[in-house]
Structures are given as structure tokens and as C-alpha cells.
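Remarks on the structure that follows.
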Amino acid sequence: LRDTYAVVLNAMNVHLSAMGAPLEVRCAEKPMSFEFRRTDEESTWLDQCKLSGGQKVRASVAFLLTLQSLIIPEVGLLVLDEPSMHLDEESQEGLRDLLLGMRPTLASAEKQIIVCDHCPTLMPAFERRLVL
């Protein structure tokens, strides 16, 4: 189990880096939990509950991408249901930038993300949209 957990942590760090998220993750003292710290400034390791809304979204997307790549890598699909919920405007813009930054990687890997959200700030991140 420790080896599998190490693979998950390594993959999460790879995804966080590929997204341009200024975060890194490591194993926390509490079993099966994570600690995070910012990589763009000198900071201490924080429990996942201490992250900002935008950091939680980035960590969650990295975790979901990691699970998808480890469990069912041939599928190449990630669905996010209202990822902007409870985010302030700055964090919504950060999420938009994260999704925009992922577009080249997703296109070259023939993968896709489906996002269901009501936030107009996210709209520029998508080439194709279905507005209901």
C-alpha cells in the first residue's frame, strides 16, 4: 500500500506541475492524507483543510487526473461538476487559467474534460460550449 501511495503522490506532483499550480504534495502524518505547500514562495506544509478554495480545486483536479491515469488510463475523460462553487472571483479566474493551461496537453493526449458550471468566468476556457 505504501508503494501505491507513493505512486499517487508522485503522479499528483507531476499533474500539479503540468497545470502550473504552485503546489507540491507529500504524505501527512495522519494515515492516507496529504499535506501541501506553495512552491512559488517559502511556506510551511499545510493540512489539506487549510488550503484556499482555488488551491483545493487544483489539488482536487490533480488527484482526479492521477486516479484516472492510474485506474483507467485509456479512457481520457474527466468530468467536473460545478468546480467553481464556493470560490471567490480570484479563485474562479485561477480555475479558468488552470483549464486554459491544460488545453494543449489535453489536445495532444486526446483527452477531454467536461465541466458543468454556471460561472461565466470559466467560459473563455472552452472551445466548445453547450449553454442551457
Side-chain angles (χ1 to χ4, degrees):
L1 186 59
R2 283 184 196 263
D3 291 340
T4 302
Y5 197 58
V7 169
V8 169
L9 289 170
N10 183 52
M12 281 182 67
N13 279 316
V14 168
H15 286 297
L16 286 167
S17 177
M19 287 188 273
L23 290 173
E24 77 178 307
V25 60
R26 74 175 185 184
C27 181
E29 288 183 28
K30 184 176 164 185
M32 303 304 289
S33 62
F34 306 116
E35 289 181 329
F36 297 87
R37 76 171 171 186
R38 293 186 61 106
T39 57
D40 61 342
E41 62 185 40
E42 202 172 311
S43 67
T44 59
W45 288 96
L46 300 171
D47 186 77
Q48 52 205 25
C49 67
K50 302 282 186 185
L51 297 176
S52 70
Q55 290 169 329
K56 286 179 182 176
V57 167
R58 286 187 163 133
S60 296
V61 169
F63 183 71
L64 290 171
L65 287 169
T66 295
L67 288 181
Q68 184 273 326
S69 67
L70 294 173
I71 296 171
I72 47 173
E74 65 279 355
V75 173
L77 174 66
L78 177 64
V79 178
L80 302 175
D81 184 19
E82 295 196 45
S84 69
M85 185 181 287
H86 305 297
L87 296 181
D88 61 19
E89 188 174 331
E90 183 180 345
S91 296
Q92 289 174 356
E93 291 168 359
L95 176 59
R96 178 200 60 218
D97 296 343
L98 167 70
L99 293 168
L100 277 167
M102 292 176 68
R103 280 170 59 175
T105 303
L106 293 170
S108 67
E110 296 183 9
K111 297 183 182 218
Q112 57 185 309
I113 294 179
I114 296 174
V115 178
C116 301
D117 207 305
H118 61 278
C119 178
T121 304
L122 300 182
M123 294 292 275
F126 305 102
E127 292 178 6
R128 289 180 274 174
R129 302 175 201 113
L130 176 62
V131 180
L132 302 175

Worked verdict on Met102 versus Leu65 for side chain to side chain contact (heavy atoms under 4.5 Å, CB included): CA-CA 12 Å; Met102 292 176 68; Leu65 287 169; 3.5 Å; yes
Any side-chain heavy-atom pair of Phe126 and Ile113 under 4.5 Å: no
Short side-chain to backbone donor-acceptor contact, Arg96 and Pro124, under 3.5 Å: no
Rounded distance [0.5 Å steps], CZ in Arg103 versus CD in Gln112: 13.5 Å
ILVMFWY cluster, Leu67 and Leu9 together (side-chain gap under 4.5 Å): yes
Cluster check Val25, Tyr5: I/L/V/M/F/W/Y, side chain < 4.5 angstrom: yes
Chi angles and distances behind the side chain to side chain contact (heavy atoms under 4.5 Å, CB included) call for Ser84, Leu122: CA-CA 8 Å; Ser84 69; Leu122 300 182; 4.2 Å; yes
Reported CG-to-OG distance for the pair Leu23 and Ser52, which is rounded to 0.5 angstrom: 8.0 Å
Over all atoms of both residues, closest heavy-atom pair of Arg129 and Met123: NE-O, 2.9 Å
Spacing of Asp47 atom CG and Phe36 atom CZ [to the nearest 0.5 Å]: 9.0 Å
Path from Val14 to Phe63 over hydrophobic side-chain contacts below 4.5 Å: no
Residue pair Trp45, Glu24: steps toward the side chain to side chain contact (heavy atoms under 4.5 Å, CB included) verdict: CA-CA 9 Å; Trp45 288 96; Glu24 77 178 307; 3.4 Å; yes
Nearest atoms (heavy-atom pairs only) where Ala21 meets Arg58: CB-CD, 3.5 Å
Heavy-atom check, side chain of Met12 versus side chain of Val8, under 4.5 Å: yes
Cluster check Leu98, Ile114: I/L/V/M/F/W/Y, side chain < 4.5 angstrom: yes
Donor-acceptor contact below 3.5 Å, side chain Ser17 vs main chain Asn13: no
Minimum side-chain heavy-atom gap Gln92-Asp117 below 4.5 Å: no
Distance, nearest 0.5 Å, that separates NE2 of His15 from CD of Gln68: 7.5 Å
Heavy-atom check, side chain of Leu80 versus side chain of Leu64, under 4.5 Å: yes
Whether over 12 other heavy atoms sit under 6.0 Å from Glu93 CD: yes
Pairwise side-chain contact, Ser91 with Val57, heavy-atom cut-off 4.5 Å (strictly under): no
Interatomic spacing from CG in Leu87 to SG in Cys119 - rounded to 0.5 Å: 8.0 Å
Val61 reachable from Leu70 in the ILVMFWY side-chain graph, under 4.5 Å edges: yes
Closest contact, heavy atoms only, Ala125 versus Leu99: CB-CB, 3.8 Å
Over 12 non-hydrogen atoms of neighbours within 6.0 angstrom of CD in Glu41: yes
Short side-chain to backbone donor-acceptor contact, Arg37 and Arg26, under 3.5 Å: no
